[in-house]
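The next block holds one structure in the form of structure tokens; read it before the comments.
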Number of protein chains: 4
Amino acid sequence: MSAGKQMGLRAQRKAQRPNEILDAAFEEFVERGYVATRVEDIASRVGVTKGTIYFYFDTKERLFEEMLRRISVSFSDVSAYAKTLSGPYSERIRAFLRMAYDRIVLDRNTRELLRFVIAEGARFPQVVDRHHEEFIVPLMDATQKLFEDGVAAGELRDAPAIKIPDTVIGAAVTLCISKMIFADRIPQDVDAFFEAHMDVILHGLMAKD
Amino acid sequence: MSAGKQMGLRAQRKAQRPNEILDAAFEEFVERGYVATRVEDIASRVGVTKGTIYFYFDTKERLFEEMLRRISVSFSDVSAYAKTLSGPYSERIRAFLRMAYDRIVLDRNTRELLRFVIAEGARFPQVVDRHHEEFIVPLMDATQKLFEDGVAAGELRDAPAIKIPDTVIGAAVTLCISKMIFADRIPQDVDAFFEAHMDVILHGLMAKD
Amino acid sequence: MSAGKQMGLRAQRKAQRPNEILDAAFEEFVERGYVATRVEDIASRVGVTKGTIYFYFDTKERLFEEMLRRISVSFSDVSAYAKTLSGPYSERIRAFLRMAYDRIVLDRNTRELLRFVIAEGARFPQVVDRHHEEFIVPLMDATQKLFEDGVAAGELRDAPAIKIPDTVIGAAVTLCISKMIFADRIPQDVDAFFEAHMDVILHGLMAKD
Amino acid sequence: MSAGKQMGLRAQRKAQRPNEILDAAFEEFVERGYVATRVEDIASRVGVTKGTIYFYFDTKERLFEEMLRRISVSFSDVSAYAKTLSGPYSERIRAFLRMAYDRIVLDRNTRELLRFVIAEGARFPQVVDRHHEEFIVPLMDATQKLFEDGVAAGELRDAPAIKIPDTVIGAAVTLCISKMIFADRIPQDVDAFFEAHMDVILHGLMAKD
DNA sequence: GATGAATGAGGATTCATTCAT
DNA sequence: AATGAATGAATCCTCATTCAT
């Protein structure tokens, strides 16, 4: 019944080739950056030769862009997620921020995407723009909305950070970068970091009773 | 009496050549990254030819490393700075963080250094290590010390963030990155950001009276 | 009774494949030359894929050679044609030269064949040799014979051009080249050219009465 | 006093490099055509390496174009030459056509230029246009003018070829092509050809007395 | 000190050809 | 018969580096 059963082994492999290549490209571009990565490196990683890469992707540039598209899972759903939250705002914020940490710090794709934005942004300006539109804006908007709702509910203080949620999310981004640049050499205790961060945030934002 | 006075203008200029080159190298490497920057680009910016660059620097790699050294002003003095602070800890923290913002967010060299750490870290691991030793550790240590003193003085709450000051400094790093990747396209109001951040931090860390 | 009647449409089409391919090859090779023409270009023009071309032709080189063979209609019959002519030599020459013009200037295959001889002669020396044997020699021999007969008949002057008929045929070749290189950008009035040429030739070759 | 004395050997050689390269490029492009000629072939012929070629010429295309410019000696002066002629028109035509033969048939540059026009015209349309403007038009105009003057002087018949001088010049072009494609394999007796051609032309164009 | 011609290794891309399906 | 994925040799062009002047 499955499509797989109707495809020959070769056909199955073939259908996966573009994704195999994009995955290999991701690893190589992460390791060496756009310019220093050779198309042949990517081919070797897949176990094919240069020519095969060009059979599926016109240019190295295109390959890079499609790889980015593949790893870029937009944050446009976080707003919907915030709406599913209920209970006291201290709990909602915790849940929301935990989700943010999971997606920003723990998701390798998102982490390395930030590396590409920083390292290749000058070469691929549209990558920076897309990152802003699909990641930063949705996340900040959702966070701000959550905060404003908390203020309206009388549970949060009307702090200036309500309007500049970057001041709160920022710590997660920085942790993401630390994980990215130090990898395993300097391990990061994400949970402890998250708890310490939450503690400051909640103490800093909760309305005095 | 100074050496400068005894040099002709031309001689002075020549004595400055290495620095001119390093400055030009900085701009070019920032724009294009290590691999994509051509030695000739740097030479053109200085107004000399390739050969001249090689008179002063053995290789492109060396040039890159020395450029990094030139822009890397260590943070090892921030601990001394913290010691000069007096008065209530809320004020000390404000002054200390303001200094941190100035050096992390507003100083272009520090900002772009972070770009190099992220973009070229795989190629120049020692840059990552140095960045850790000379920037992150001194800054975190001094911050932590300041917080611990505040706790000891009974002015700060013994929050878990005291031991993980990255949770506090993180926002500044993220703002630095925003300025870096968006440049002038998306202006950042550093002062407003700082005030909003301070507000959360102080409310979050001050001991209840 | 013919094979065609017993074949289905599809079978007929298939039987024509080699010729379709040769025709497409002709167009592509004319447009881009041997080296710059890709086997895939030819395949696209036929509406098949590369592999199909290789089913019918071993190599691109072979394909080129067979295409040449297809368009090369030998001039070995012009001598027979000359023998069919009768009447005064002025009329015979006019008829013969008109035939030469038709075949050299107006026949696209012959025209482009000359292009291949000039453009690819170094790569395919046998093409040059064949062109000499099958086109130039038969045409010149027949022309010379016609002229000599005219002289023997006392109708033509025993001009040195009788032995070097290229001096007469040359104009047609040049017109062929003009048509070839300028195509429609600079239209050539073949009839006017022919008449003007004939006029000089006849005045130049006829015996004085 | 000579410039040569003031240049070092190296400097002299350097100043000649572009021309050496263009000459080598001419030979290689003649032999193999534009596409099949490798930049490295040209470099080898000069005795340098690829890189050197690119030091002087941006691209292979540019190199080809400049090579063409180098070998293209315009025919715009033939009209002035015609004006220097005096005496009976039979003599003027002989002198003029001899000059045309010398420049069209015997000048290797002009000969091979025609090869490029035919072989590379589709790739470099401007070459075809330039050839028309700088070679064909000036030559035809001058020839026509000479013929018309001869008619006006009552020495030449008002033949239709007067207005279509290509019918006369054509033979020279064809001889040029023969020399080009057969090179030494089939030697051409240019003088005999010229004389035979002249004989027909003069008999064909002279007014009856 | 500075120049810039020259080198040559390296990398993106193309394309004739093969072959399993 | 036909397809099209895969190969790998070939070729344009770049650029770090050298070195004679």
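Here is how names work: the chains are called A, B, and so on, in the same order as the sequence lines, proteins then strands, and each is numbered from 1.
Remark: D:F29 CZ to D:E120 CD distance equals 8.5 Å, nearest 0.5 Å. Atom CZ in A:R70 sits 11.0 Å away from atom CE in A:M67 (nearest 0.5 Å).
For the pair A:F64 CZ and E:dG11 C1', the computed distance is 17 Å after rounding to whole Å. For the pair C:R62 CZ and E:dT18 P, the interatomic distance rounds to 12 Å; values are reported in whole Å. To the nearest angstrom, P of F:dT11 lies 16 Å from CG of D:L63. If you measure from atom CD1 of A:I42 to atom C1' of E:dA12, you get 12 Å, rounded to the nearest angstrom. Between A:R32 atom CZ and E:dG11 atom C1' there is a gap of 13 Å when expressed in whole angstrom units. At whole-Å resolution of the value, CD1 in D:I53 and C1' in E:dG4 are 16 Å apart. Atom CG of A:D41 and atom P of E:dG10 are 13 Å apart (whole Å).
D:A122 meets the side-chain contact (heavy atoms from CB on, under 4.5 Å) test with no other residue; sequence neighbours excluded. By the ring pair (Phe, Tyr, Trp, His ring centres under 6.0 Å) test, A:F57 pairs with no residue at all, sequence neighbours left out. Residues passing the salt bridge (charged side-chain N to carboxylate O under 4.0 Å, His left out) test with B:E27 are B:R108, sequence neighbours excluded.
The residue among D:T49 and B:V48 whose nearest nucleotide of DNA chain E lies closer to the 5′ end is B:V48.
Paired regions of DNA chain F, where each region holds three or more successive Watson-Crick or G-U pairs whose two hydrogen-bonding distances fall under 3.5 Å, are E:2-21 with F:2-21.
Looking at D:T59 and D:R62, their side chains come closer than 4.5 Å, going by heavy atoms from C-beta outward.
Phosphate contact (OP1/OP2 of E:dT3, side-chain N/O of B:T52, threshold under 4.0 Å): present.
If you check every strand for non-hydrogen atoms under 4.0 Å, A:F57 touches nothing.
Using a distance-only test at 3.5 Å, with no hydrogens or angles considered, a donor-acceptor pair links the side chain of A:D41 to the main chain of A:R38.
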Protein-nucleotides 14-17 of chain E N/O pairs under 3.5 Å:
| residue | atom | partner | partner atom | Å |
| --- | --- | --- | --- | --- |
| E:dC15 | OP2 | C:R38 | NH1 | 3.3 |
| E:dA16 | OP1 | C:T37 | O | 3.2 |
| E:dA16 | OP1 | C:K60 | NZ | 3.1 |
| E:dA16 | OP2 | C:V39 | N | 2.9 |
| E:dT17 | OP2 | C:Y54 | OH | 2.8 |
| E:dT17 | OP2 | C:K60 | N | 2.8 |
| E:dT17 | O4 | C:K50 | NZ | 2.9 |

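A ring pair (Phe, Tyr, Trp, His ring centres under 6.0 Å) with A:F116 is found for exactly one of A:Y34, A:F124, A:F64, namely A:F64.
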Compile the donor-acceptor pairs under 3.5 Å between side chains in residues 46-56 of chain D and protein atoms, sequence neighbours left out, one pair per line.
| residue | atom | partner | partner atom | Å |
| --- | --- | --- | --- | --- |
| D:T52 | OG1 | D:T49 | O | 3.4 |

